[in-house]
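So you know, we letter chains A, B, ... as the sequences are listed, proteins then strands, and number each from 1. Predicted, not measured: the structure shown is a model, and the values here were computed from it.
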Amino acid sequence: MSNYKEIEKKWQKYWEDEKVFEADNHSKKEKYYYLVEFPYPSGAGLHVGHCRSYTALDALARKKRMNGYNVLFPMGWDAFGAPAEQYAIKNHIHPSVAVKENIKTFKSQVKSLGLSIDWSREFATTDPEYYKWTQWQFLKFFEHGMAYKAKKNINWCPNCKTGLSNEDSSGGVCERCGHTVEQREKEQWMLRMSDYAEDLIKGLDDTDFIERIKTAQINWIGKSTGAEVNFKVKETKEDLVVYTTRPDTLYGVTFMVVAPEHPIIDKNKDIIKNMDSINKYKEEAKNKTEFERTQVNKDKTGVKIEGLTGINPITNKEIPIYISDYVMMNYGTGAIMAVPAHDERDYEFAKKFGIDIIPVIKGGDINKSAYTGDGEMINSGILNGLTNKKDSIEKMINYLEKEKIGNRKTNYKLQDWIFSRQRFWGEPIPLVYCDDCGWTAVKEEDLPVLLPDVANYEPTDTGESPLAAITHWVNTTCPKCGKPAKRETDTMPNWAGSSWYWLRYMDAHNDKEFASKEALNYWGKLDFYNGGMEHATRHLLYARFWNQFLYNIGLVPNKEPFKTRVSHGMILGEGGVKMSKSLGNVVNPNDMIEEYGADALRTYEMFIGDYEKEVAWSEQGLNGCKRFIDRVVRIGEKVSDKKGYTKELESIIHKTIKKVTDDFDNMKFNTAVSSLMILLNKYEEQNEITKDDYRVFLTLFNPIAPHITEELNEKYDLGDPLCKSTWPKYDEAKTIDEEKEIAVQVNGKVRATIKINVNDTEDVIKEKALQADNVINHTKDKEIIKIIVIKGKIVNIVVK
RNA sequence: GCCUGAGUGGUGGAAUUGGUAGACGCGUUGGACUCAAAAUCCAAUGAUAGCAAUAUCGUGUCGGUUCAAGUCCGACCUCAGGCACCA
């Protein structure tokens, strides 16, 4: 037997030469589309965590082909964006060169795993042939008024020198480098993603994402229902509109608060008497980072607006208005009605500023804290006596609408998507600014707008894209009127390329369209999409939004792009800590393949534990899987010329086929491997096994360990190559045991086991149970109250 | 604070969804083979007591339902993830 490395090479070449994994766009077979998130080809190379999900989906894809499906399982490279750019800057190589090199390394690493990928559909998001269509789709957003430029106070990372979306700067630190994020005002391209908030929630019903992904998305979108209420301001004509989820507490409103950025301040700066202190407060708020401002349990600060007085529309009482940074301009209306008796933040603020606290719901102790629970309404005019929050809210909203002082309103936390990056290494935004025509789309025939080939691509301190300095690129003519004009110099975020890439695999080399209608219709939804939990909100929401938009303008056949979404657990270093360079516990998959073989690595990664849970790496565990594979090889020496299954093995073979089949369907690879180990243990008890015994074992093991199983199948002349064979079938009748050992309990404690036959009647089983030695010990001198017989499972004798 | 998950031997993890807890692997111990080591093979391996048959305890904690609970119900503790001054 030649060594594993040669075997791996031999079969990888065979698969490639025979094109066995190339998917057919015109097949009569049923289609199935698997995808694992494409990687960033970073300089660090492949991680054993990649191998986990790649192997899992590969195993599923291989099995699905054996089940007769036309399977699409492609891979590509997400190569734009900050990591690739930073790598390039650090190593003083042009990003396009660095990316090419990294892809080459990554690809050879991925290939060494022996994945059944259709490489004919490979592409990188940085290929002009690909990003031409990313730009083209951006122009669709632009055409439909879905892209707009706005001055935004943006999160700015002074280290990466770029603007970041809220998504990329959670916790007040830059997602990429960990540096503290600052606030800067910048003109940015935005996509109207918030328009899709409701559809993004509703659409989840058409998916079977795992629950934690659905809830993560729903939390992120942050839907809340309530009402907008118009408060008159005594000194002005304009109402101050607030948003509240608790209109039922309207009678308890004793003050109002507006965000520091609220326009009411500037509009009324002539009436307001204390503009100095207000301006000072605004300045302070501006200098705080988004993170500082949103810190929970921070002391409440604020300034009373002297000269403006609110009027509670339902009691007509005059109430003070404050400015405070605990109210955000980018949510609701940027103004709130404060009910200190029943809202903790308002309570805190009222205590600090000595404002009245009027309870309107019975319960709690208002001297100590706000009461947010349910109870009987008091001091509340039309609501008095109601005891249920829901009913009170309904009644109040109806009243507000009738009296035209408010209306029902739903709000979402989801914001529009900041789509500009002041970076070199991204898709250029294909727009031109003309003094006469304004922002104008580059003509379709002029796409793609290529990145210029220059030496200096490092970010600038001015906050402008490095592209801005390249005048020969910036200066162009207006596509509409032909006058001199300037290109947009911002590029797209790296989420852009990954927001539609699964569509491109359907028709990867089409130079007329992003994908043909025919291909889009044939492949339809992506059936099975695997990726990290870190992408459960951002990437997945962007991609769904993008696809829903394409659907709404008639470019794709499905509103929801993904049917199933699963997430693999992380692989930690030995001892359960995260793998990191600084700890020196990073396991390189290439080293593992070198020492143990690709099949052993694959088997171990599937056997290591529950696919969705994180798990610690163990090289001894990997070695155990190598030993298992060695035993699979050795059992070949026992193969006889006999046909059919060995009689003694027949039952367990059928059971194992059933078990492995079910386990694959449920992503329970660990127990699939374990049942194969059990089957092999049984084979080893035999003096010889038949060709069919061996062949069925190798077929079941093939999706996980494709190289060695093909080799053994060929060596012992067992039949067609496994990659061209069908998945074995089992006979349900043969999975049922004639004879079985079951437990006998006395008062719920196991005291003996008995052998029963499938045909045994309940009485026979009772008889056998009562006659078991140790059962007699525990039942003699006692009164038998009842005997419970669960057929084929257990007997429980209740005695007194 | 709110929303998801999850807590099982020395260890990674099983458990037909209420029916023999600890499958399978790793590790450990003993044995075989070997001059020796590695590899391989055989046996044992939750804790306590016992030569043994066996008994008692045991799935984060405390209660409950049931003939029977790792699994269901109630309260709590811990960990991981998501959201968070979002009105």
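Among the nucleotides B:A23, B:A21, B:A87, the one closest to the side chain of A:S674 is B:A23. In this structure, the nucleotide among B:G12, B:U20, B:G19 sitting nearest to the side chain of A:A743 is B:U20. Here the nucleotide nearest the side chain of A:T244, chosen from B:G27, B:A87, B:G12, is B:A87. Closest approach to the A:N670 side chain among B:G13, B:G12, B:A23 is made by B:G13 (side chain taken as heavy atoms from C-beta onward). In the set B:C3, B:G27, B:G19, B:G27 carries the atom at the smallest distance from any side-chain atom of A:R627. Counting only heavy atoms from C-beta on, A:K749 has its side chain closest to B:U56 among B:U56, B:C41, B:C85. For A:F607, taking side-chain heavy atoms from C-beta onward, the closest of the listed nucleotides B:G82, B:A23, B:G12 is B:G12. Between B:A87, B:G12, B:G82, one nucleotide has an atom nearer to the side chain of A:W220 than all others, and that is B:G82. Here B:A14 is the nucleotide among B:U4, B:G19, B:A14 with the atom lying nearest to any side-chain atom of A:D610. Checked against B:C3, B:G27, B:C24, the side chain of A:Q620 finds its nearest nucleotide in B:G27.
Between A:R751 and B:U56 there is a side-chain polar atom (N or O) within less than 4.0 angstrom of OP1 or OP2. A sub-4.0 Å separation between OP1 or OP2 of B:A53 and a side-chain N or O of A:N777 is absent. At the phosphate of B:C41, OP1 or OP2 sits under 4.0 Å from a side-chain N or O atom of A:R634. Distances shorter than 4.0 Å separate some side-chain N or O of A:K668 from OP1 or OP2 on B:A15. Regarding contacts with the backbone of B:G25, every side-chain N or O of A:N623 stays at 4.0 angstrom or more from both OP1 and OP2. In terms of phosphate contacts, A:H342 brings no side-chain nitrogen or oxygen within less than 4.0 Å of OP1 or OP2 of B:A87. Between B:A87 and A:S224, a contact under 4.0 Å exists linking OP1 or OP2 to a side-chain N or O. Side-chain N/O atoms of A:Y604 include none lying less than 4.0 angstrom from OP1 or OP2 on B:G25.
A:K768 pairs in a side chain to side chain contact (heavy atoms under 4.5 Å, CB included) with only one of the listed residues (A:V775, A:I742, A:I754, A:D763), which is A:I754.
Note on A:T245: only backbone sugar-phosphate atoms sit closer than 4.0 angstrom, heavy atoms only; bases stay farther off. Residue A:I788 is in base contact, counting any heavy-atom pair closer than 4.0 Å across all strands shown. Within the nucleic acid shown, A:G624 comes within 4.0 Å of sugar-phosphate atoms alone, with no base atom in reach, counting heavy atoms only. A:I608 comes within contact range of the sugar-phosphate backbone alone, with a heavy-atom separation under 4.0 Å but no base atom that close. Heavy atoms of A:D346 sit nowhere under 4.0 angstrom from any nucleic acid atom.
One atom, CE of A:M533, and another, C1' of B:A6, lie 14 Å apart when rounded to the nearest Å. Taking atom CG of residue A:N219 and atom P of nucleotide B:A84, one finds them 9 Å apart after rounding to whole Å. In this entry the distance linking CH2 of A:W617 with P of B:U11 reads 21 Å, nearest Å. When the P atom of B:A84 is taken as reference, atom CD of A:E344 falls 18 Å away, rounded to whole Å. If you measure from atom CZ of A:R631 to atom C1' of B:A39, you get 14 Å, rounded to the nearest angstrom. For the pair A:L572 CG and B:A80 P, the interatomic distance rounds to 12 Å; values are reported in whole Å. When the P atom of B:A69 is taken as reference, atom CG of A:N747 falls 11 Å away, rounded to whole Å. One interatomic measurement links the two molecules: CG of A:D773 to P of B:U54, which rounds to 9 Å at whole-angstrom precision.
For the pair A:D737 and A:K740, the salt-bridge criterion is not met [side-chain N within less than 4.0 Å of a carboxylate O].
In this structure, B:A55 and B:U48 make a Watson-Crick or G-U wobble pair, each of the two defining distances being under 3.5 angstrom. Across all strands shown, B:C72 pairs with B:G64; the Watson-Crick or G-U wobble distances both stay below 3.5 Å. Both distances falling under 3.5 Å, in either a Watson-Crick or a G-U wobble arrangement, place B:A6 opposite B:U78. B:G1 and B:C83 make up a base pair, with Watson-Crick or G-U wobble contacts both under 3.5 Å. Across all strands shown, nothing is found opposite B:U16 as a Watson-Crick or G-U wobble partner with both distances under 3.5 Å. The partner of B:G25, taking Watson-Crick or G-U wobble pairs whose two distances both stay under 3.5 Å, is B:U11. Using N1 to N3 plus N6-O4 or O6-N4 for Watson-Crick, or N1-O2 and O6-N3 for G-U wobble, each under 3.5 Å, B:A36 pairs with nothing. Base pairing of B:G30 is made with B:C42, judged by Watson-Crick or G-U wobble geometry with both donor-acceptor distances under 3.5 Å.
By the 6.0 Å and 45° rule, A:K638 does not stack over the aromatic ring of A:Y683.
Side-chain atoms of A:N666 and A:Y611 include no donor-acceptor pair closer than 3.5 Å.
Along RNA chain B, the nucleotide closest to A:T333 and the one closest to A:Q745 are compared, and the more 5′ of them pairs with A:Q745. Residue A:T671 is the one, among A:K786 and A:T671, whose nearest nucleotide of RNA chain B lies closer to the 5' end (criterion: closest heavy atom).
Side-chain to base pairing of A:K413 with B:C83: no donor and acceptor N or O lie closer than 3.5 Å to each other.
Separation of the A:F349 and A:F255 ring centroids falls under the 6.0 Å cut-off. Aromatic rings of A:F669 and A:F664 (six-membered ring for Trp) have centroids within the 6.0 Å cut-off, being under it.
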Exercise. May I have the step-by-step check of side chain to side chain contact (heavy atoms under 4.5 Å, CB included) for A:T207 and A:K214, ending in yes or no?
Key: CA-CA 9 Å; A:T207 70; A:K214 283 192 183 182; 3.5 Å; yes
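For B:G30, the glycosidic angle deviates from 0 by more than 90°, giving an anti base. Base orientation of B:U17: syn, the glycosidic angle falling within 90° of 0.
Across B:U8 and B:A14, the matching P atoms stand 11 Å from one another, rounded to whole Å.
A donor-acceptor pair is defined here as one N or O able to donate and one able to accept, closer than 3.5 Å; no such pair exists between the side chain of A:N757 and the backbone of A:E739.
For NZ of A:K578, the number of neighbouring non-hydrogen atoms (other residues, nucleotides, ligands) closer than 6.0 Å is 12 at most.
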